[in-house]
2 protein chains.
Amino acid sequence: QLVRRVRFNSSSSLDATGEKTVQPEQDVPGLTTFLESLKWDKNNLVAVIVQHIDTGEVLMQAFADRAALNETIQTGLATFYSRSRGGRWCKGETSGHFIKVQKIFTDCDRDSIIYLSDPIGPACHTGARTCWFKEVQIVVDGTEGKMDTFAVIHEGAHTHGDHVPRTTLQALEQTIAQRRREALQRPSDGSKPSWTVRLLGNPELLCKKIREEAGELCQTLEANEGRERAASEMADLLYHSMVLLNLQGVEMEEVLRVLRNRFTQSGIEEKASRPPKPQ
Amino acid sequence: QLVRRVRFNSSSSLDATGEKTVQPEQDVPGLTTFLESLKWDKNNLVAVIVQHIDTGEVLMQAFADRAALNETIQTGLATFYSRSRGGRWCKGETSGHFIKVQKIFTDCDRDSIIYLSDPIGPACHTGARTCWFKEVQIVVDGTEGKMDTFAVIHEGAHTHGDHVPRTTLQALEQTIAQRRREALQRPSDGSKPSWTVRLLGNPELLCKKIREEAGELCQTLEANEGRERAASEMADLLYHSMVLLNLQGVEMEEVLRVLRNRFTQSGIEEKASRPPKPQ
Ligand SMILES: [Zn+2]
Ligand SMILES: [Zn+2]
Ligand SMILES: [Zn+2]
Ligand SMILES: [Zn+2]
Ligand SMILES: [Zn+2]
Ligand SMILES: [Zn+2]
Ligand SMILES: [Zn+2]
Ligand SMILES: [Zn+2]
Ligand SMILES: [Zn+2]
């Protein structure tokens with residue numbers, strides 16, 4: 001008898017014909033106990049949040065009934081209960097944009113689930129990466145220091161995803177990409193270009209800076225400069241490296257995927273059995 | 001007349017006495033139109049997901065009614081409708097663990113909201129960083145290659161957050177921290193230590209590697225080695241730098257906060273007005 005974790009990301013989830021075998025809940029040892037332990041709402045649903053395993057992006061939010069959770073657990077493909085259609089809904093079944101669920105979590109009071117996932121293609125039916133591409137913009141209409149009037153403007157027409165809820169790393173990546181587009185669109189008008197634009201246009205300077213920042217990060221350890229300096233130098237190194245990634249056409253998402261693949265194949269620890277590269 | 005974005009993170013959200021002024025919805029230009037545009041469920045609620053602006057962690061999930069959204073927008077503090085208590089619930093009002101909302105997003109069909117946030121303290125009432133600290137563990141009980149029996153085991157007793165839904169960067173950080181704890185707990189038994197443990201115990205080797213990896217990343221650009229090499233070298237550099245951060249007691253979260261603060265103060269672009277450091 002062998003007990004091991006299901007590899008949700010294994011290709012076994014979907015065989016060559018795309019067929020999935022889902023057993024009834026009660027035929028799966030432990031499953032009924034687990035499903036009973038959840039706090040179902042009045043409609044016998046729990047909320048489900050789909051989060052990208054590499055980038056942390058929240059991709060979509062929907063609801064699941066017992067059958068949907070049963071199916072997700074057995075197939076490794078994100079499945080929900082559609083409130084509008086009143087029935088089962090396996091994301092990707094019509095679009096091909098399946099969401100491979102890597103890990104499943106329940107929240108503290110057991111009424112909300114996270115599917116930590118590796119999506120195939122865009123998660124939103126509009127073709128956007130995530131369903132949250134509309135930012136609620138809030139402007140203050142008043143004199144400085146006296147914020148007594150608010151206006152909420154919703155940019156409903158924006159479907160191109162420029163307002164996607166970007167966390168810090170994604171926002172930085174986007175800023176760099178934006179500077180590059182701007183620099184390409186309107187070449188220097190004589191005004192001093194931003195530091196990012198200078199780096200983008202001068203690979204030699206960029207590489208010099210990356211080596212320098214790596215040295216400064218090391219120095220925080222070598223010269224015992226303290227944790228604040230370390231955080232600051234790491235930020236420098238990360239920023240400059242990400243400018244290089246932009247020039248190479250690489251997104252942080254790909255870097256994170258490389259790191260994840262090294263993990264799950266115990267790649268990092270595997271290195272232990274190899275000596276470091278000869279110098 | 002001045003129109004500008006509300007700075008949710010400004011201290012003006014909470015004055016010295018902790019008092020917040022919330023105007024009625026109709027006194028805020030544009031707010032009613034925005035609230036009318038949302039797709040409220042049968043209980044007049046929308047789902048709300050609270051996400052950490054720096055790390056991307058999903059911190060909590062709850063629901064909001066019109067009043068809760070009105071209050072959140074005006075105060076910049078995450079406020080909800082509590083289904084169990086049947087009323088208003090401003091997170092942190094009793095615990096002090098307020099959640100400062102930096103940006104608000106609506107999803108494609110306008111029934112789910114993200115509060116992109118900077119939390120003060122733990123988001124979960126249990127004291128955990130996020131509400132999802134319980135992983136649903138799925139084991140396969142069968143002979144290799146024949147996954148015909150599933151068992152779902154929920155580790156209900158685990159409240160210390162060791163199963164928090166970690167995205168790749170957090171998982172890597174955690175693996176490094178784990179290696180460090182293991183190395184401290186049981187000193188070398190003569191078996192070959194993992195590469196991470198070797199780096200942790202040899203700052204000289206670590207710094208040598210970081211400088212090396214920075215060089216290798218630069219070389220992908222200098223020698224035009226292509227995007228795959230660039231992603232791989234960036235992964236190397238990130239991993240080794242994060243081992244250094246662990247030795248310095250710095251978490252990636254802090255590095256990301258540094259980057260965000262530089263942004264919002266236009267720090268990166270501000271550098272444009274400064275010449276690069278003299279060599
Ligand atoms: Zn809950
Ligand atoms: Zn969508
Ligand atoms: Zn836009
Ligand atoms: Zn520096
Ligand atoms: Zn929705
Ligand atoms: Zn909680
Ligand atoms: Zn455990
Ligand atoms: Zn544990
Ligand atoms: Zn390398």
Side-chain angles (χ1 to χ4, degrees), chain A residues 3-4 6 28-31 34 47 49 51 54 56 58 61 104-108 112 114 116 124 126 131-132 134-136 138-141 150-152 154 165 167-168 172 194-195 203 207 210-211 214 218 221 227 230-232 234-235 244 248-250 254-256 258-260 269 271-272, chain B residues 3-4 6 28-31 34 47 49 51 54 56 58 61 104-108 112 114 116 124 126 131-132 134-136 138-141 150-152 154 165 167-168 172 194-195 203 207 210-211 214 218 221 227 230-232 234-235 244 248-250 254-256 258-260 269 271-272:
Chain A
V3 177
R4 60 182 171 87
V6 174
V28 181
L31 188 52
F34 166 65
I49 297 163
Q51 184 179 25
D54 289 325
V58 177
Q61 187 264 313
I104 296 177
F105 298 85
T106 63
D107 77 338
C108 53
S112 197
I114 288 180
L116 195 63
C124 183
T126 63
C131 286
W132 286 268
K134 293 173 186 172
E135 184 175 356
V136 179
I138 295 146
V139 294
V140 179
D141 181 7
F150 291 77
V152 178
H154 193 275
T167 49
T168 297
L172 174 56
S194 74
W195 180 238
C207 289
I210 290 174
R211 289 186 173 96
C218 291
L221 185 64
R227 34 194 323 290
S232 172
M234 181 65 184
L244 182 143
Q248 297 275 58
V250 174
E254 296 171 68
V255 175
L256 295 171
V258 169
L259 282 172
R260 176 161 51 92
E269 295 312 307
K271 274 194 173 175
Chain B
V3 178
R4 60 181 171 87
V6 174
V28 180
L31 187 53
F34 166 65
I49 297 163
Q51 185 179 23
D54 289 324
V58 176
Q61 188 264 313
I104 296 177
F105 297 84
T106 63
D107 78 336
C108 52
S112 197
I114 288 180
L116 196 63
C124 183
T126 63
C131 287
W132 286 268
K134 294 174 186 170
E135 184 174 357
V136 180
I138 296 145
V139 294
V140 179
D141 182 6
F150 291 76
V152 177
H154 192 275
T167 50
T168 296
L172 174 55
S194 75
W195 180 238
C207 289
I210 291 174
R211 288 184 172 98
C218 291
L221 185 65
R227 31 192 327 289
S232 172
M234 181 65 184
L244 182 144
Q248 297 275 57
V250 173
E254 297 171 68
V255 175
L256 296 171
V258 170
L259 282 172
R260 175 160 53 92
E269 294 312 305
K271 274 193 175 177

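In what follows, chains are A, B, ... by sequence order, proteins preceding strands, each numbered from 1. Keep in mind the model is a prediction, meaning the values are calculated, not measured. Side chains are part of it too, since the values below use all heavy atoms of this structure and drop only hydrogens, waters and symmetry mates.
Rounding to the nearest 0.5 angstrom, the gap separating the OG1 atom in A/Thr168 from the CG atom in B/Leu116 is 8.0 Å. Remark: B/Met234 CE to A/Leu256 CG distance equals 9.0 Å, nearest 0.5 Å.
In terms of heavy-atom pairs under 4.5 Å with chain B, the best-connected choice from A/Cys207, A/Pro203, A/Pro165 is A/Pro165. With chain A as partner, the option from B/Ala47, B/Cys108, B/Ala214 having the largest number of non-hydrogen pairs under 4.5 angstrom is B/Cys108. Between chain B and the residues A/Cys218, A/Ser232, A/Ala230, A/Gly56, the most heavy-atom pairs under 4.5 angstrom are made by A/Cys218.
B/Gln51 is linked by a side chain to side chain donor-acceptor pair (under 3.5 Å) to nothing, counting only residues two or more places apart in sequence or in another chain. Remark: B/Val258 engages A/Ala231, A/Ala235, B/Arg262 in a side chain to side chain contact (heavy atoms under 4.5 Å, CB included) (not counting sequence neighbours).
Of the two parts of A/Leu221, the backbone and the side chain both hold a non-hydrogen atom closer than 4.5 Å to a non-hydrogen atom of chain B.
Between B/Ile49 and A/Gln61 there is a side-chain heavy-atom pair separated by less than 4.5 Å. Between A/Glu254 and B/Arg227 the shortest side-chain heavy-atom distance falls below 4.5 Å.
Shortest non-hydrogen contact noted between B/Phe105 and A/Trp132 is O-CD1, 3.7 Å.
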